[in-house]
There are 2 protein chains.
Amino acid sequence: MLKLAILGFLHDRPLHGYELRRHLAALTGHVRPISDGTLYPAIKRLESDGLLVRSTEPGAAAAPRHTLRLTDAGRATLLDRLRTPDDLDVSDENRWFTVLAFLRHLDGEPAAQAAVLRRRLAFLDEPASFFYEGDRPVGAEEATDPFRRGMLLIARATTAAERDWLRTTLAELDRSV
Amino acid sequence: MLKLAILGFLHDRPLHGYELRRHLAALTGHVRPISDGTLYPAIKRLESDGLLVRSTEPGAAAAPRHTLRLTDAGRATLLDRLRTPDDLDVSDENRWFTVLAFLRHLDGEPAAQAAVLRRRLAFLDEPASFFYEGDRPVGAEEATDPFRRGMLLIARATTAAERDWLRTTLAELDRSV
DNA sequence: CGACCATACCTCGGAGTCGAGATATAGCAA
DNA sequence: TTGCTATATCTCGACTCCGAGGTATGGTCG
């Protein structure tokens, strides 16, 4: 997902590592900021895969900055990823939000965008329960402790809100196909 | 967090690995089920740390089962973790839910439970924005594409629902101190 | 009887991630 | 001048994690 996020940000405009770090910190930041030891190796991987190139620009700032820009392959990889919902991990809040953040890059392809949303909707419609007592799931009403009850209530509210948004947005996308 | 979850489940009653796997799949399952290659090494780590012991019971089922039970050190480690909110990563949805799932083990310590909830509430009250355009954050109303707007709307709804629950639960806990 | 599935556990290689630290410059303040 | 902070990048070891595979046994179905 870090890979997707990097490609996603660079699709807007070239950035150097430090700027990218700030963008990533905002996106994932309230969740878990990535460290330098994660970011810079990830950049190198993408570079050696030919998905981005760097151009060193000295003088500008304190330390020499490496401006990163997507190659055509990088741009294609990003869009291909978004176009194949089955390969996207839509089951994790954080990963899903990363997808959502860059789905706009598929502009002009409302059907492809809708397919991604539909996949998430299908996932949300799967019945989920967090706990089992023996063989049967524990619902929000049955949980005797306030904390597990809270979990289930919050999850329910969250899911409902997202499902609403998904449905209305899907309706709009379908109209524009 | 896997460590916390294993200790948390074993606090209720001894389980063998396969049962534990099922419980973990339910808890994290709608997010990302853990694999055997993660679970069994984790069990071994906890074992060699002296936090749990295994007793092999042959005959019962197909393959020999290893029943896992917490040691006193294991139980103490679990409770200590929960009692020190500063050490808990409360900023990630998944991790936070794991904490919430086992906070009931601090029964009889409403003040300690409240401290954990307060930490989460403080985190939620921090202003968060996912995107920057240059230097200024992009709000839900400003986002021109429906997807980033959706992210921000969903995040807002989620946060509001959880904040409500946190406040009412905190009020109840404070009454019982 | 053989095929198959669920139970039950383990190992290995490869990859990603983190934290801590190293390096360097520019600018500002004491 | 010394020191601090922000900019900007990189490396290293340790650890965790995953996927793929391997090894068993017991039960069910045809």
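As the structure is a computational prediction, the values presented were derived from the model and not from experiment. In what follows, chains carry the letters A, B, and so on, assigned in the order in which the sequence lines appear, proteins first and then strands, with residues in each chain numbered from 1.
Following rounding to the nearest Å, B:M1 (CE) and D:dC15 (P) show an atom-to-atom distance of 18 Å. Per the geometry, CZ belonging to A:R22 stands 6 Å off P belonging to D:dT7, to the nearest Å. Computed from coordinates, the A:L24 CG to C:dT17 P distance equals 11 Å when rounded to whole Å. Taking atom CG of B:L2 as the reference point, atom C1' of D:dC15 lies 13 Å away to the nearest angstrom. Going from atom CG of B:L4 over to atom P of D:dT16 covers 15 Å, rounded to whole Å. Atom NZ in B:K3 sits about 11 Å away from atom P in D:dC17, given to the nearest Å. Whole-Å rounding puts the B:L15 CG to C:dA8 C1' distance at 14 Å.
With sequence neighbours left out, the side chain to side chain donor-acceptor pair (under 3.5 Å) criterion links A:D36 to A:R21. Checked against ring pair (Phe, Tyr, Trp, His ring centres under 6.0 Å), A:H23 has the following partners two or more places apart in sequence or in another chain: A:F9. Under the rule for a side chain to side chain donor-acceptor pair (under 3.5 Å), the partners of A:R120 that lie at least two apart in sequence or sit in another chain are A:E93, A:E162. Taking the salt bridge (charged side-chain N to carboxylate O under 4.0 Å, His left out) definition, one finds that A:E142 meets it with nothing, sequence neighbours left out. For B:D49, there are no salt bridge (charged side-chain N to carboxylate O under 4.0 Å, His left out) partners, not counting sequence neighbours. By the side chain to side chain donor-acceptor pair (under 3.5 Å) test, A:R95 is found to be paired with no residue, residues two or more places apart in sequence or in another chain being considered. Partners of B:R54 according to the side chain to side chain donor-acceptor pair (under 3.5 Å) rule, which considers only residues two or more places apart in sequence or in another chain, are B:E47.
Pairs engaging residues 122-131 of chain B under the side-chain hydrogen bond (donor to acceptor under 3.5 Å, both in side chains) rule: B:D125-B:R163 [sequence neighbours left out].
When the local axes at the two ends of the helix from C:dC1-D:dG30 to C:dA30-D:dT1 are compared, using 5 base pairs at each end, they differ in direction by 20° after rounding to 10°.
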Seminar exercise, completed: Once base and sugar-phosphate atoms are separated, protein heavy atoms under 4.0 Å mark nucleotides 9-14 of chain D, 5' to 3', with B, S and - as BBB---
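Hydrophobic clustering places A:L88 together with A:L170 (ILVMFWY residues linked when any side-chain heavy atoms are closer than 4.5 Å, directly or through intermediates).
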For this session: Tell me, with the steps shown, if A:R118 and A:D174 meet salt bridge (charged side-chain N to carboxylate O under 4.0 Å, His left out).
Result: CA-CA 11 Å; A:R118 255 189 285 276; A:D174 286 343; 3.8 Å; yes
Mind listing the side-chain donor-acceptor pairs of residues 74-83 of chain B below 3.5 Å, one per line with the distance, residues two or more places apart or on another chain?
unit_1, atom_1, unit_2, atom_2, d
B:T77, OG1, B:A73, O, 2.7
B:D80, OD1, B:R83, NH2, 3.4
B:R83, NH1, B:E109, OE1, 3.1
B:R83, NH1, B:E109, OE2, 2.6

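Remark: A:R45 is in phosphate contact with C:dT17, judged by side-chain N or O atoms under 4.0 Å from OP1 or OP2.
Listed by residue number, the members of residues 81-95 of chain B with any heavy atom below 4.0 angstrom from DNA chain C form an empty set.
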